[in-house]
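Data block below; observations after.
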Amino acid sequence: MMQGHEAFQRLMQITSEQFVSTCKDKGYRVLVANADRHGSIVWEAGRANGLNRFILLGLTEVELTSIPEGVIERTRQAIGDIEATFEAEVWVAADDNARFTRVLFDRWPVFLSEKILGTPAEGALSLVHRLNQAINRVEILTADDLTEEYLVSRGEGSHSAVASA
Amino acid sequence: MPSSRVATLLDWNFLEVERRVTIAGSLDVGPEIQPRQGTLIAEELAGRKLLRYLTPDQVGLFLAGTNRLTYVTPTPYAPEEMISWLFLPSPRIARTHVLLLDPAKIPLIQGPMWVAAGSGIQYVLPHGFPADAIIVPGAGAEARWELEVR
C-alpha cells in the first residue's frame, strides 16, 4: 500500500481538487473526499434534482498482474517504473428515498510513478472529462430507472421497513 | 431472506426504533454533520462495536491506528454481501478481513447515516481511529489484529 508515499499523497491531492471543482461547477455538493471506505478511497457528491443523484469515484489499489501486459509496457515507456496500480471507477446513482439504482459508468487503471510529482498522471488528467460525462449521465436518470428497493425508506416521517421475503 | 438483510434490519430497528436515533438520509450527509464524541456513540450502540473491513493487501496496515477519514459500519456482512450493502467500488476485490473498533475509544464519530444507493448503515470517523480502539473478542485487552470474515 502506498498511503504514506509522497507520490500517493500528490495523486490524492490532484484527484480531490479535480473532483471537488468539477462537481461544484455542476451544482453537486461534495459529501466526502479522499475517504477510506473499506479498502477503497472514495469521493462522493450529490444533488437533489427531482431525484437524489450521486456521483461516486473510487480508487482501489490492485495487483499489477490484473492489468494487460500491453498496457503495462506502454505505461512504463511513458512514465518509467510503476510503483503502484489503482483501479479507478466512477459510479452514477440515484434514489427517491424508497427505490434506487446505481450504474458503473467508467473503469480504468491509474498508474503511480515518481513522475507524478512533476506531471499529473494520465488518469488524473482525464478525470475531469470522465466526471463531466458521468454527471451528464446521472442527470438523465428518471424514476423509471429506480429498480431496486431500499430495505427501509428514508426521509422525514417515512421510516418503514420493506421486510418482505 | 439473506442474512445481510436480517442483520441490517435488526440494526435499523435497534437504532431508530429502540434507541430513537435518527439515521441521516442519503443526501443529509457530509462535512456539515456534527461529529460527536465516541463515548456518546458508544452509549447509543449499547456495547456494539464498529466494523472496518479490509482487503487482503491491507491486513496489518492499521494496527497502529490511522488518522485518515474512515468509514465503518455496525453491521456484520459476508464478503459477497458487503459490496452491495455498503456500495463499495471495485466489487471484484473481496474485503476478506475486519477490524473491530470500540466506539468509546474513538474521539469523534459522525453518524449513523444511510449508505447512498445501498441499504447499509454507516458511520464516518473524520480523524480515523487510535490503535487502542481495536479489540479482539476473547483475547486480552492489548490484543490487536484483524479477524477473517468467512
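Naming: A, B, ... by sequence-line order, numbering from 1 per chain.
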Could you check whether any side-chain N or O of [X] sits under 3.5 Å from a backbone N or O of [Y], counting only pairs where one atom can act as donor and the other as acceptor?
{"X": "His38(A)", "Y": "Leu54(B)", "result": "no"}
{"X": "Arg47(A)", "Y": "Leu27(B)", "result": "no"}
{"X": "Arg37(A)", "Y": "Phe87(B)", "result": "yes"}
{"X": "Arg154(A)", "Y": "Gly25(B)", "result": "no"}
{"X": "Tyr150(A)", "Y": "Ala117(B)", "result": "yes"}

Find the distance between OG (Ser40(A)) and CD (Gln58(B)) and round it off to the nearest 0.5 Å.
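Nearest 0.5 Å value for the OG-CD distance: 8.0 Å.
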Sidechain N-carboxylate O distance under 4.0 Å for Asp36(A), Arg52(B)
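Judged by the 4.0 Å cut-off on N to carboxylate O distance, Asp36(A) and Arg52(B) do form a salt bridge.
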Side chain, backbone, both or neither: which part of [X] has a non-hydrogen atom closer than 4.5 Å to chain B?
{"X": "Asn52(A)", "value": "both"}
{"X": "Glu89(A)", "value": "side chain"}
{"X": "Glu148(A)", "value": "neither"}

Just checking, any donor-acceptor pair under 3.5 angstrom between side chains of Thr60(A) and Arg92(B)?
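Looking only at side-chain atoms, Arg92(B) and Thr60(A) do not form any donor-acceptor pair under 3.5 Å.
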Where on Leu86(B) is there a heavy atom nearer than 4.5 Å to chain A: the side chain, the backbone, both, or neither?
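Both parts, heavy atoms under 4.5 Å.
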By number, which residues in residues 21-31 of chain A have some heavy atom less than 4.5 Å away from chain B?
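Checking residues 21-31 of chain A against chain B gives Arg29(A), Val30(A), Leu31(A).
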